[in-house]
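The block underneath contains the structure these notes are about, expressed in structure tokens.
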There are 2 protein chains.
Amino acid sequence: MDMEARGHSEHPQALRLWLRMLTLTQLVEKQVRTELRAQFETTLPRFDLMAQLERNPDGLKMNELSRRMMVTGGNVTGITDQLVNEGLVERVEVAGDRRAYRVRLTPRGRSLFGDMARQHENWIVAAFDGLSSSEVDALHRLLGKVKAHYKDTALETT
Amino acid sequence: MDMEARGHSEHPQALRLWLRMLTLTQLVEKQVRTELRAQFETTLPRFDLMAQLERNPDGLKMNELSRRMMVTGGNVTGITDQLVNEGLVERVEVAGDRRAYRVRLTPRGRSLFGDMARQHENWIVAAFDGLSSSEVDALHRLLGKVKAHYKDTALETT
DNA sequence: TATTGTTATACTCTATAACTATA
DNA sequence: TATAGTTATAGAGTATAACAATA
């Protein structure tokens, strides 16, 4: 009877963890969206796309952006179009493949993203202010473990 | 110079944690949405509303649902309408206040939600399968600490 | 034939604000 | 006047699928 009790009690444990993680993420995400709109008139996907480009100064192809942002290609086209219209990113031809583009930040885009990233960092630091440095590390490590294992199993479907 | 070095190095730590947490949450959430649609032809907000009602067998008022689901009132009306049309929830009059309703699961809704919740639990348990029981606890505790502190500070704006 | 990227479309979720009915 | 809930609207954000150009 120990086993039965254990079998039933272990599941809600993971479930409670998930609900807490989901709620917290939504809370922080909602605040980030609100602040991005209020202070910079932009959205999280747009910020995310620019963040990807900031990490890759040579630019990224559309399909690379699509994979990293975890959305389908059509959406990346739409977001990129907006940012191109505002002069924040540009499409550069790829030598040797006339189908593909490489999207990268313009100087103005890089500068604006710098401002946004500084603010964004402040919001995030404030959100995790309740944890000590070693607790942040512990959390980071535990989530990394989940992610590594999850990748292995969940992506079998692909 | 120790202080300056510390000041600069602490921020990316929280930032890396946030990015990892956001990515992981999106990964799990996306899978849950896909499975809910494939197996039950439903969505996460609908599942969420039913989950709230399952925890409150006497039902919840619209504004209580709105607060718990962290969305504004109009949206709750729309989702509730859908579920009423499918016979999964019902609006019950509140004695003493003819403005208010109490929304609760119908027997059919409760039964269907049971099926969904069992599957949902399996997906979540699988997602966190890489962690031991004590690691799940540790993660749960750390996130609770973030949430508690975050609530105190972030909601000052309200 | 396969791949890169775009276009067209439709649907869900969301916030905002004006509104009705009741307190 | 304030509160409970609805309605109307507009805008993100997303996936799907058909398409054009190139490989």
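Throughout, protein chains are lettered first and strands after them, A, B, ... in sequence-line order, and every chain is numbered starting at 1. Heavy-atom basis, side chains included; hydrogens, waters and symmetry copies ignored.
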> What residues, two or more places apart in sequence or in another chain, satisfy ring pair (Phe, Tyr, Trp, His ring centres under 6.0 Å) together with F47(B)?
Replying inline: F113(B), H120(B)
> For D115(B), what residues pass the salt bridge (Lys or Arg N to Asp or Glu O under 4.0 Å) criterion, not counting sequence neighbours?
Replying inline: R118(B)
> Got a sec, which residues hit salt bridge (Lys or Arg N to Asp or Glu O under 4.0 Å) with R91(B), two or more places apart in sequence or on another chain?
Replying inline: D81(B)
> Is E93(A) salt-bridged to R98(A), going by a charged N under 4.0 Å from an acidic O?
Replying inline: no
>> What range of DNA chain C does chain B touch, first nucleotide to last, counting atoms under 4.0 Å from its heavy atoms?
In response: dT12(C) to dA23(C)
Please identify each residue that fulfils side-chain hydrogen bond (donor to acceptor under 3.5 Å, both in side chains) with [X], with sequence neighbours left out.
X       : result
R33(B)  : E29(B)
Q39(B)  : E35(B)
D129(A) : none
T42(A)  : R46(A)

> Which letters describe nucleotides 6-14 of chain D, given B = protein heavy atom under 4.0 Å from base, S = only from sugar-phosphate, - = neither?
Replying inline: BB----SSB
Show me, pair by pair, the donor-acceptor contacts under 3.5 angstrom made by side chains of residues 62-71 of chain A, not counting sequence neighbours?
residue : atom : partner : partner atom : Å
E64(A)  : OE1  : K61(A)  : N            : 2.9
S66(A)  : OG   : V71(A)  : O            : 2.6

Cut-off 3.5 Å, no hydrogens considered: what does the side-chain donor-acceptor table look like for residues 52-60 of chain A, sequence neighbours left out?
residue : atom : partner : partner atom : Å
Q52(A)  : OE1  : R55(A)  : NH1          : 3.4
Q52(A)  : NE2  : D48(A)  : OD1          : 3.4
N56(A)  : ND2  : Q52(A)  : O            : 2.8

Expected rows: protein N/O vs nucleotides 20-23 of chain D N/O, under 3.5 Å:
residue : atom : partner : partner atom : Å
dA23(D) : OP1  : R98(A)  : N            : 2.8

